[in-house]
Amino acid sequence: MAKYVLRRLIGMIPTWLIIMFMVVFMVRLIPGSIVDLLLQDQGGGGSYQAGIDRAQVEHRLGLDQPVYVQYVKYVAGVAQGNLGASLWDQQSVVSLIAQRVPVTAQVALVAIVTSVFVSIPIGVISAVRRDSPVDYLLRSISILGISVPGFAIGTAIVIFPTLWWGVTVSFKYVSFADDPIGHLKLIIPPAMVLGVQLSASVARLTRTMMLEVLQEDYIRTARAKGLQEPKIVVKHALKNALIPVVTVLGIQITNLLGGSVITETIFALPGLGRLMVSSIGSRDYPVVQGIVVMTAIFVMCMNLAVDVSYGYLDPRARPA
Amino acid sequence: MSAEVGIGQAVRGGGRAQRSLGSRVWYEVSKFTRKKPLGAFGAVVLFVLIGMAAFAPIITSYGPLQQSTGPALAGPSMEHLAGTDQFGRDVFTRIVYGARISLFISVGATIMAIIPATTFGMMCAYFRGPFDLVFQRIVDAFQAIPGLILLITIVSILGSGQFNVILALAIPASITGSRLQRAASMQVTGRDYVLAARSLGATHTRIIFQYILPNIMAPIIIVVSLGFGGYILAESSLSFLGYGVPPPAPSWGGMLASDGRRYMYVAPHMFIAPAIALSVVVFGVNMFGDAMRDILDPRLRGSS
């Protein structure tokens, strides 16, 4: 097992180099560079003087070097655990990310837990009662969940209570250390909304997999032995149906980090997603690169964890 | 697997060919409706969407950008079925014309994603070796970056606009989508008929497009029908973050995300109307896609 994990970790290196390549090049392809924005910020006009400033600024930020040199330097930095510093306020990217991670992680955790508790029962019931009104109803609800844009549900939850009942929701962010209950009150509702949305596709997959597994010979055997249906469904079918569901939950975490951009924007939570969008806007290359690279590492490790967990769920999938 | 079943079905379909085409189509449609009521509902929604896009000027008498058709921010009435917006534009009209944008974006992105995705997938499965190895690492890289973040970055590079939004949606999908087509092609490349074609000296191009492609049509159709709604939703998410189809175009995502949210307190209909249009269409398309998958995926057909 340890050998397998090690081999997979080494296998990640090329992918990781490609990601850094993509990020470094793509971020610089965005029209309007940081230098323009910085000069604008300092009130520098388009005069000859500005031309000198520009060269100085570019040199100071290391942007006068060819992109491939910047790439190699960046990779070397990352290998040493140095993600660079924000071009705007020179704060280290590692500490910027570290400040934002807790919020995003809490939202993601609550969302995933919500998603599992909502989706798996829905998927199982709708598979067991296939093509019945219950199945149609549950499937309609879960497909409706992925048919409404996330920001629309979020906005509706924020606005309609105010509109109809005059309830106002406060969005002043408080940290867990200052006010634990106030903090959780801010985190849990948006995370649950996100979780319910995620649950739609997991429920659909659970249903499909359950349908497939329920046709297997060992289910017929279990029925022939006279086992009770609930026991067959939970112990024999669900356990086997869950394997691909675990994969999708792994993939969901990637989507969650993307979806958190929207959730964090609506509910004014200071998480990674918002930092990412604002950094793209301000062309803060090191911050954008840092977030994408860290997210990608996290996602790849999650995928590995999912693959390793197969071994526990299904002895047949254990790496030889 | 899917190939044999497909052929079997074609043969059975051929047996019914003696009956007139009309009655055969009617037979298939009524069978589909009975077996997959939700899928049939989805098909109706799709038809309505296409109808709205095609006959927009007949359905409504206002123009999508025509201002002061009535009082601004007025609620729904007989003259304005879904009320008016801040410029007095008719919201219902904008939704009808918006069907064109939604259809254009989803069809455009689907076509622009599925053609390269299928080609790459087939090539990886057929050639294997270093090409496959390198390409799969690129797919890994694309999959490891959260989709929305990739979308924002690509739109920032390309600039805003309807066509650029399509391109931004299609680029990541054409890379990551190739994985499923690769898996499907892998099952086909080892088949006897492919080996036979190869030993007869068929060219690579001929084997890929004449022998592999027809046999992976089922997964292609499934991906297309399930991806369709996703593109409409993705456009609306982009609009929310300010990277969607720019105003004054009546894109549903844009109406919902910018004006709809801005005037929500005074004119909730500006939010609700596009939200319903968008959700019903995505819901219908997903339902239709689900039914298509149930029919085309041989593994799911057994018990029904």
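So that the names make sense, note that chain A is the first sequence line, chain B the second, and so on, each numbered from 1.
The contact between B:Leu233 and chain A is made entirely by side chain atoms (from C-beta outward), counting heavy-atom distances below 4.5 Å. If you measure heavy-atom distances from B:Leu38 to chain A, the contacts under 4.5 Å come from the side chain alone. With a 4.5 Å cut-off on non-hydrogen atoms, A:Met300 touches chain B through its side chain but not through its backbone. When heavy atoms are compared at a cutoff of 4.5 Å, A:Val148 approaches chain B by way of both its backbone and its side chain. A:Arg139 touches chain B through backbone and side chain together, each having a heavy atom under 4.5 Å away. Of the two parts of A:Ile19, the backbone and the side chain both hold a non-hydrogen atom closer than 4.5 Å to a non-hydrogen atom of chain B.
Counted within 6.0 Å of CZ on B:Phe131, heavy atoms from surrounding residues, nucleotides or ligands total more than 12; the atom is thus considered enclosed. At most 12 non-hydrogen atoms from other residues, nucleotides or ligands lie less than 6.0 angstrom from CZ of A:Phe21. For B:Phe47, the CZ atom counts as loosely surrounded, since its 6.0 Å shell holds 12 or fewer non-hydrogen atoms of other residues, nucleotides or ligands.
The shortest side-chain heavy-atom distance between A:Pro149 and B:Ser239 does not fall under the 4.5 Å cut-off. Contact annotation: the side chain of B:Phe240 approaches that of A:Thr265 to within less than 4.5 Å [non-hydrogen atoms, C-beta and beyond].
Counting heavy-atom pairs under 4.5 Å between each of A:Met12, A:Met302, A:Met22 and chain B puts A:Met22 at the top. Counting heavy-atom pairs closer than 4.5 Å to chain B, the top-ranked of the candidates A:Thr155, A:Leu29, A:Val277, A:Leu17 is A:Thr155. For the set B:Ala275, B:Gly159, B:Pro37, the entry with the most heavy-atom pairs within less than 4.5 Å of chain A is B:Pro37. In terms of heavy-atom pairs under 4.5 angstrom with chain B, the leader among A:Ala152, A:Ser147, A:Gly281 is A:Ser147.
Heavy atoms only, all atoms of each residue included: A:Gly11 and B:Arg137 are closest at O-CD, 4.4 Å. Scanning all heavy atoms of the two residues, the minimum distance from B:Ser236 to A:Phe151 falls at O-CE2, 3.2 Å.
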Give the intermediate values and the outcome of side-chain contact (heavy atoms from CB on, under 4.5 Å) for residues B:Met287 and A:Ser140.
CA-CA 8 Å; B:Met287 281 298 185; A:Ser140 304; 3.9 Å; yes
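Annotation: residues 139-155 of chain B contacts chain A through B:Asp140, B:Ala141, B:Phe142, B:Gln143, B:Ala144, B:Ile145, B:Pro146, B:Leu148, B:Ile149, B:Leu150, B:Ile152, B:Thr153, B:Ile154 [non-hydrogen atoms, separation under 4.5 Å].
Of the inter-residue distances, the one linking A:Ile262 atom CD1 with B:Ser237 atom OG reads 3.5 Å to the nearest 0.5 angstrom.
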